[in-house]
Amino acid sequence: MIVVRVELWSAVTGEKTEIARAVIDNIGGTDRQRDYRARSLRGRSAEALDRALLRINTTGTQREGKVCGHARLSEHVWNLVAKALSSMGYGQ
């Protein structure tokens, strides 16, 4: 499982606050091309996101998407993250 965290780092206080999290799970494919399920978690704090991760298969998921046929050996992981976000309807 790939976990993508978004943190806000204050330039004033140096405080770090997690404000979003997504997970990307391998669900099949071949050695060269994999299929993935992507889910963004419900919550805007590390504590809420931790709780959502425990409930990911019930009420913890905000959005869900799928990436099929990702060329995992020839494409950087950021390409997978971009595809996953797009499949969940972000950035459109």
Side-chain angles (χ1 to χ4, degrees):
M1 173 174 24
I2 296 170
V3 178
V4 180
R5 298 174 192 264
V6 177
E7 294 180 336
L8 175 64
W9 289 24
S10 172
V12 176
T13 66
E15 181 181 2
K16 298 172 187 173
T17 306
E18 186 177 6
I19 58 174
R21 191 182 308 170
V23 294
I24 304 171
D25 305 313
N26 177 355
I27 58 170
T30 66
D31 285 344
R32 292 185 181 270
Q33 291 191 330
R34 292 283 185 183
D35 300 331
Y36 297 90
R37 174 181 54 192
R39 294 176 282 183
S40 61
L41 301 182
R42 190 176 306 278
R44 293 188 181 195
S45 68
E47 296 78 20
L49 294 162
D50 287 342
R51 286 192 303 272
L53 189 57
L54 295 174
R55 301 184 324 267
I56 196 166
N57 291 321
T58 57
T59 61
T61 301
Q62 183 79 27
R63 295 185 187 189
E64 186 168 334
K66 189 183 257 189
V67 176
C68 295
H70 175 70
R72 68 180 196 91
L73 299 176
S74 61
E75 290 189 43
H76 197 279
V77 69
W78 284 119
N79 291 310
L80 173 60
V81 172
K83 291 175 189 177
L85 290 170
S86 180
S87 78
M88 292 186 284
Y90 292 105
Q92 299 173 4

Notebook entry, point to check: Are Val23 and Val4 linked, directly or through other ILVMFWY residues, by side chains that come within less than 4.5 angstrom of each other?
Noted result: no
Next item on the list: Measure the OG1-CZ distance between Thr61 and Arg55 for me, rounded to the nearest 0.5 Å.
Entry: 9.5 Å
Item checked: Exercise: identify the closest heavy-atom pair between Gly28 and Asn26 -> N-OD1, 3.0 Å
Check: So does Arg32 have more than 12 non-hydrogen atoms from other groups sitting under 6.0 Å from CZ?
Finding: no
Next item on the list: Measure the spacing between CD of Glu64 and OG of Ser40 and express it to the nearest 0.5 Å.
Entry: 9.5 Å
Next item on the list: Please report the C-alpha distance between Leu73 and Arg34 in whole Å, then the side-chain angles of each, then the deciding distance to 0.1 Å, and finally whether the side-chain contact (heavy atoms from CB on, under 4.5 Å) criterion is met.
Entry: CA-CA 10 Å; Leu73 299 176; Arg34 292 283 185 183; over 6 Å; no
Notebook entry, point to check: Between Gln92 (side chain) and Ser86 (backbone), is there a donor-acceptor pair under 3.5 Å?
Noted result: yes
Check: With hydrophobic residues grouped by side-chain heavy-atom distances under 4.5 Å, do Ile19 and Val3 end up in a single group?
Finding: no
Check: Hey, what do you get for CZ (Arg44) to CG (Leu41), rounding to the nearest 0.5 Å?
Finding: 13.5 Å
Note to self: Tell me the closest heavy-atom pair linking Leu80 and Tyr36, and the distance in Å.
What the structure shows: CD1-CD1, 3.6 Å
Next item on the list: Please examine the side chains of Arg21 and Asp50, heavy atoms only from C-beta on, and report whether any two atoms are closer than 4.5 Å.
Entry: yes
Notebook entry, point to check: Does Ile24 belong to the same Ile/Leu/Val/Met/Phe/Trp/Tyr cluster as Met1, with side-chain heavy atoms less than 4.5 Å apart forming each link?
Noted result: no
Next item on the list: State, with a plain yes or no, whether a side-chain heavy atom of Arg39 is found less than 4.5 Å away from one of Asn57.
Entry: yes
Check: Ignoring hydrogens and geometry, is there a side-chain-to-backbone donor-acceptor pair from Ser87 to Ala84 under 3.5 Å?
Finding: yes
Check: Is there a path of hydrophobic side-chain contacts, each under 4.5 Å between heavy atoms of I, L, V, M, F, W or Y residues, that connects Tyr90 with Val77?
Finding: yes
Item checked: Atom pair CG (Asp31) and CZ (Arg72), whose distance is rounded to the nearest 0.5 Å -> 6.0 Å
Checklist line | SB check Glu18 Arg5 (cutoff 4.0 Å) | finding: yes
Note to self: Can you confirm whether Lys66 sits close enough to Asp35 that some side-chain heavy atom of one is under 4.5 Å from a side-chain heavy atom of the other?
What the structure shows: no
Check: What's the spacing between Arg51 CZ and Ser45 OG if we round to 0.5 Å?
Finding: 6.0 Å
Next item on the list: Could you pull out the closest heavy-atom pair between Arg63 and Met88, with the gap in Å?
Entry: CD-O, 3.0 Å
